[in-house]
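A quick write-up on the structure given underneath.
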Amino acid sequence: MRRKLIAGNWKMNTTISEAVNLAADIKKIFGSRVIKSEILVCPPFTNLYSVSEVLAGSVIKLGAQNCDFHISGAFTGEISINMIKSAGCTYVIIGHSERRTLYGETDEMVNLKVKAALEGGITPIICIGETLDERNAGNTFSVLERQISKAYSGIETDNLNKLVIAYEPVWAIGTGISATTAQAGEAHLRIRQYLRDNYGESASDIRILYGGSMNEKNSSELLTLPDVDGGLIGGASLKPELFAAIIEASENLSDL
């Protein structure tokens, strides 16, 4: 049984004091509860350690928004897996559409980062998704399959279930436009089938999150889909009451 994961991606938002207050508010709601879902927050690098101190002893986990694939060295401005691990992270987002489109991150770079994360004992959340032009051209599934194949290249079978995939249609990121339930369901089903067909039945245990403008209004409907195992939440994760509403929807729908 796949445990639902609700992950908040704070992106380039919050100063240290704002992040501490936001984390404290979320902890106040869920920190000591026995919950069926897994809760994750991913602040900016500068706020990771401060947030980790706030979340200590709670059920809420900490993740980073990106990483470099080198262990250390002359890579000014980059952050290694060991660095985010030392700040308290257990997850890292890799290949977010904003990293791909704005900063030229390639499928090959994503693969190197996934390998570095696994080597360092950090769970990667691998983001995949099509642009509006790719969807309109009928290439959605070929794009998703290529991105999975490249990200998984050279990964040992024993490590496959340690990976998390986040399907985020690029045209729905930060736009307030979410894929319809039918569109999200179709994409998640296709991803699940591709994983089983190419990596064996054990790939059925890989969690697939929806990451395209999930919010407190559409979360219940999206999380009802059999192949949607949680959400990668952007804007709504910056407002404790909205993030909490999505987590509650996950709790209500969880079989665990």
Side-chain angles (χ1 to χ4, degrees), residues 2-9 11 37-38 40 42 93-102 105 107 110 124-152 163-199 203-237 242-243 245-255:
R2 300 184 300 269
R3 186 183 185 191
K4 283 184 168 33
L5 170 61
I6 305 299
N9 176 13
K11 304 192 179 185
S37 307
E38 193 171 3
L40 171 69
C42 300
I93 299 169
I94 295 176
H96 191 280
S97 63
E98 291 158 3
R99 300 298 314 171
R100 294 177 188 261
T101 58
L102 299 177
E105 200 159 291
D107 290 331
V110 168
I125 299 176
I126 306 166
C127 298
I128 62 173
E130 81 284 5
T131 64
L132 186 58
D133 287 343
E134 289 167 336
R135 172 166 279 275
N136 289 339
N139 295 329
T140 294
F141 300 134
S142 62
V143 168
L144 299 181
E145 290 169 2
R146 185 202 78 228
Q147 290 175 332
I148 294 171
S149 174
K150 294 283 190 179
Y152 277 35
L163 308 174
V164 177
I165 290 178
Y167 168 60
E168 42 162 30
V170 179
W171 45 273
I173 303 299
T175 62
I177 302 171
S178 179
T180 65
T181 304
Q183 288 171 327
E186 183 182 32
H188 277 250
L189 176 60
R190 186 63 174 260
I191 293 167
R192 183 80 62 203
Q193 289 175 334
Y194 180 81
L195 291 171
R196 286 190 185 121
D197 291 345
N198 290 272
Y199 304 102
S204 297
D205 294 329
I206 295 171
R207 291 184 289 181
I208 309 171
L209 314 181
Y210 177 72
S213 294
M214 182 184 282
N215 56 50
E216 76 286 358
K217 296 177 182 177
N218 62 20
S219 55
S220 291
E221 190 174 5
L222 288 165
L223 291 168
T224 302
L225 296 168
D227 291 301
V228 174
D229 303 312
L232 182 58
I233 317 300
S237 70
L242 301 187
F243 193 49
I246 298 170
I247 296 167
E248 292 292 5
S250 175
E251 287 293 279
N252 293 336
L253 293 166
S254 180
D255 294 326

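Y152 is listed as a side-chain neighbour of L163, based on a closest heavy-atom distance under 4.5 Å. In this structure the side chain of M214 reaches within 4.5 angstrom of the side chain of L223, judged on heavy atoms. Annotation: side chain of Y194 is in contact with side chain of I148 (closest heavy-atom distance under 4.5 Å). Using a 4.5 Å cut-off on side-chain heavy atoms (C-beta onward), I165 and Q147 make no contact. K150 is not listed as a side-chain neighbour of V110, based on a closest heavy-atom distance of 4.5 Å or more. Contact check for L225 versus T181: side-chain heavy atoms found under the 4.5 Å cut-off. The shortest distance between side-chain heavy atoms of E130 and F141 does not fall below 4.5 Å.
S254 contributes atom OG, which lies 11.5 Å from atom CZ of R2 (distance to the nearest 0.5 angstrom). Distance check, rounded to the nearest 0.5 Å: CH2 of W171 to OG of S213 gives 9.0 Å. Here I206 contributes atom CD1 and L195 contributes atom CG; the two are 4.5 Å apart, rounded to the nearest 0.5 Å. Of the inter-residue distances, the one linking L242 atom CG with I247 atom CD1 reads 11.0 Å to the nearest 0.5 angstrom. Taken from CG in L189 to CG in D227, the straight-line distance is 5.5 Å, to the nearest 0.5 Å. Note that CD1 of I94 is 11.5 Å distant from CZ of R99, once rounded to the nearest 0.5 Å.
A pairwise comparison of heavy atoms in G230 and I6 identifies CA-CD1, 4.1 Å as the closest pair. Taking both residues in full, the closest heavy atoms of V228 and L222 are given as CB-O, 3.5 Å, listed atom of the first, atom of the second, then distance. Contact detail for I233 and A236: the closest heavy-atom pair is CG2-CB, 3.6 Å. Contact between V170 and G129 at its shortest, heavy atoms only, is CG2-O, 3.9 Å. The two residues A172 and Y210 have their closest heavy-atom pair at CB-OH, 4.2 Å.
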Checklist entry - Can you check side chain to side chain contact (heavy atoms under 4.5 Å, CB included) on E145 and R190, steps first, answer last? => result CA-CA 9 Å; E145 290 169 2; R190 186 63 174 260; 3.2 Å; yes

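Judged by distance alone, the side chain of R100 and the main-chain N or O of C127 form a donor-acceptor pair under 3.5 Å. Judged purely by atom type and a 3.5 angstrom limit, N218 uses its side chain to pair as donor or acceptor with the backbone of N215. Remark: the backbone N or O of S149 is not paired with any side-chain donor or acceptor of D107 at under 3.5 angstrom. At least one donor-acceptor pair under 3.5 Å links the side chain of T224 to the backbone N or O of S220. A donor-acceptor pair under 3.5 Å is formed between the side chain of N252 and the backbone N or O of E248. A donor-acceptor contact shorter than 3.5 Å links the side chain of R207 to the backbone of R3.
Annotation: E134, atom CD; neighbour count of heavy atoms from other residues, nucleotides and ligands within 6.0 Å is above 12.
Using cut-offs of 30° and 60° on the angle between ring planes, the pair Y167 and H188 is perpendicular.
For the side chain to side chain contact (heavy atoms under 4.5 Å, CB included) test, residues two or more places apart in sequence or in another chain that qualify with T180 are A182, Q183.
Salt bridge status for E251 with K4: absent, with no side-chain N to carboxylate O gap under 4.0 Å.
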